[in-house]
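Working notes for the structure below.
Counting from 1, the numbers follow the sequence of the chain as shown. A quick note: this is a predicted structure, and the numbers were derived from the prediction, not measured.
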Amino acid sequence: MLILLKNYECLVLDVIGIGFVLFIIYADADLTLLFYHSLNRPRDFRNKVVWITGASSGIGEYLAYDLVKAGAKLVLSGVNVERLTAVGERCKEVSSCAAEDILLVPFQINNFDVHDDVVNKVLDHFGHIEYLVNNAGISQRADFADIDIAVDHQLFDVNVFGPVNLTRKVLRHFLERKKGHVVVTSSTAGKLGAPYSSAYTGSKHALHGYFECLRSEMVEENIHVTLVCPGPVFSNITDRCVTGKIGEKYDHKQQPTDKKMKTERCSDLMVTAIAYKLDECWICFQPILFMYYMAQYLPSVFRTLIVKFIFNRQRVMKMRQGR
């Protein structure tokens with residue numbers, strides 16, 4: 001009997017070990033999200049009104065395609081009207097939706113004065129909103145010491161205060177209906193101190209502070225909050241990356257060979273997270289995903305070993321760019 005127990009323990013340890021190795025090699029999202037995604041159940045958004053900001057390209061664009069295929073009615077917002085129109089037309093092509101099921105509401109997320117007007121425009125058209133996906137944002141690369149404070153203000157206006165203010169406007173509607181779902185596209189940088197992009201990293205950390213607080217306040221209101229943390233993904237956000245100086249663009253172009261997640265895969269996983277109302281999910285390739293877990297559960301070890309001995313400028317920049 002004792003021998004059988006020992007053999008059983010060894011088997012359990014072997015299974016755990018194999019599972020850990022497979023996770024290290026193949027996982028591209030946190031375990032909770034991968035579990036729900038593996039269920040492969042229909043993600044039903046029929047007749048649900050979903051408002052996506054930053055919908056003219058990248059993650060926002062592909063979210064629009066996935067959600068409209070699942071039956072959603074869409075509000076698409078961004079600043080590039082030509083691209084936004086093209087995304088709207090593509091949504092009609094890939095689904096059976098009617099023309100009136102796609103509403104284009106172009107505006108700048110950091111133009112706070114128009115937030116009341118755009119919310120009213122959406123409500124006048126559809127009558128209600130079920131989901132608000134705060135996806136608009138800009139990225140940044142620069143050394144901490146070289147950043148003008150004006151860049152910090154710019155990043156926070158677009159990445160933080162814009163989504164926060166728009167959410168507050170839509171939240172009134174959610175509270176009246178006694179239901180709603182806020183989705184926020186954060187980043188790896190929202191959980192880890194990503195070097196050489198402190199304004200961007202600070203803005204993404206701030207999102208977690210605001211929306212974790214909102215989630216806590218909404219526990220009795222049937223209003224959900226999902227924070228999504230993608231790692232490097234093929235998206236135009238890197239091509240629009242700024243530096244430490246106002247008006248200056250970071251000289252970087254994506255390459256097809258970059259080790260980044262395909263936008264379609266990131267969007268597919270995000271839709272699962274939204275459908276199952278997950279509080280937070282991590283979406284990225286290894287080794288960044290493993291760093292997530294280290295930072296979350298072994299923070300001192302992470303900072304002592306990973307940050308101190310592995311993070312150097314050249315390695316970090318290559319990792320950020322998927323190279």
Side-chain angles (χ1 to χ4, degrees), residues 30 32-33 36-37 41-55 59-60 63-64 66-68 70-77 101 103 105 107 109 112 114-137 159-187 190-191 203-230 267 269-283:
D30 66 87
T32 304
L33 177 54
Y36 281 105
H37 197 67
R41 293 174 180 168
R43 298 167 299 183
D44 188 4
F45 289 86
R46 281 176 296 179
N47 298 318
K48 303 296 184 183
V49 177
V50 183
W51 187 356
I52 307 171
T53 66
I59 294 172
L63 275 176
D66 283 339
L67 288 166
V68 78
K73 298 180 179 181
L74 297 178
V75 182
L76 304 177
S77 292
D101 291 339
L103 176 66
V105 184
F107 74 104
I109 192 68
F112 311 114
V114 305
H115 285 189
D116 281 318
D117 292 338
V118 294
V119 171
N120 289 334
K121 182 176 181 179
V122 175
L123 293 177
D124 287 344
H125 185 87
F126 285 118
H128 61 278
I129 304 166
E130 270 95 5
Y131 298 85
L132 172 64
V133 182
N134 288 299
N135 180 70
N159 291 356
V160 184
F161 300 134
V164 166
N165 193 62
L166 184 64
T167 299
R168 285 174 175 156
K169 306 296 184 183
V170 175
L171 185 62
R172 298 168 187 166
H173 172 67
F174 286 170
L175 289 169
E176 288 176 2
R177 299 187 74 227
K178 300 187 183 303
K179 62 179 178 178
H181 192 163
V182 179
V183 181
V184 182
T185 302
S186 177
S187 165
K191 301 292 288 184
S203 71
K204 293 300 184 179
H205 272 67
L207 282 176
H208 285 255
Y210 273 104
F211 287 96
E212 290 287 357
C213 183
L214 175 62
R215 180 189 291 120
S216 299
E217 293 183 16
M218 294 294 110
V219 291
E220 297 179 346
E221 303 294 343
N222 195 30
I223 295 171
H224 305 277
V225 175
T226 296
L227 283 157
V228 182
C229 303
S267 172
L269 289 166
M270 282 184 67
V271 173
T272 295
I274 297 168
Y276 284 98
K277 297 180 172 61
L278 301 186
D279 289 339
E280 181 176 297
C281 64
W282 308 340
I283 302 173

task = Return the minimal non-hydrogen interatomic distance between Leu171 and Met218, and the atom names on each side.
result = CD1-SD, 4.0 Å
message = Within the 4.5 Å heavy-atom criterion, are Asn222 and His224 side-chain neighbours or not?
response = yes
query = Do Phe161 and Ile109 have side chains that get closer than 4.5 Å, going by heavy atoms?
reply = no
inquiry  = Quick check against the 3.5 Å criterion: does Ser77 have a side-chain atom that pairs as donor or acceptor with the backbone of Val105?
reply    = yes
Those residues that, when tested against Glu212, pass side chain to side chain donor-acceptor pair (under 3.5 Å) (two or more places apart) = Arg215
note = On a heavy-atom basis, the closest approach of Cys281 and Asp30 is CA-OD2, 3.2 Å
inquiry  = Among Asn135, Val183, Asn134, Ile129, exactly one meets side chain to side chain contact (heavy atoms under 4.5 Å, CB included) together with Trp51. Which residue is that?
reply    = Ile129
task = Check whether more than 12 heavy atoms from other residues, nucleotides or ligands sit under 6.0 Å from atom CZ of Phe107, and answer yes or no.
result = yes
inquiry  = Side chains of Asn47 and Lys73, heavy atoms from C-beta outward: is any pair under 4.5 Å?
reply    = yes
query = Taking all atoms of both residues into account, what is the closest heavy-atom pair of Arg43 and Ala70, and its distance?
reply = O-CB, 3.2 Å
query = Can you check whether Tyr131 reaches Leu67 side chain to side chain, under 4.5 Å on heavy atoms?
reply = no
message = One pair to check against ring-ring contact (aromatic ring centres under 6.0 Å, His included): His37 and Tyr276. What are the steps and the verdict?
response = CA-CA 9 Å; His37 197 67; Tyr276 284 98; 9.3 Å; no
query = Are His208 and Lys191 side-chain neighbours, meaning at least one heavy-atom pair lies under 4.5 Å?
reply = yes
message = List the residues meeting side chain to side chain donor-acceptor pair (under 3.5 Å) with Ser203, not counting sequence neighbours, and say none if there are none.
response = Asn159
inquiry  = If you compare all heavy atoms of Trp282 against all heavy atoms of Leu33, which two are closest, and at what distance to 0.1 Å?
reply    = O-CD2, 4.4 Å
query = Would you call Pro230 and Ile59 a side-chain contact if the rule is heavy atoms closer than 4.5 Å?
reply = yes
note = When every non-hydrogen atom of Glu130 is compared with those of Val49, the smallest separation belongs to OE1-N, 2.7 Å
Side-chain heavy-atom pair Tyr210, Thr167 within 4.5 angstrom cut-off = no
query = Under 4.5 Å between any side-chain heavy atoms of Leu63 and Val271, yes or no?
reply = yes
request  = Apply the test side chain to side chain contact (heavy atoms under 4.5 Å, CB included) to residues Leu123 and His173: give CA-CA distance (whole Å), side-chain angles for both, the deciding distance (0.1 Å), then the verdict.
outcome  = CA-CA 9 Å; Leu123 293 177; His173 172 67; 3.7 Å; yes
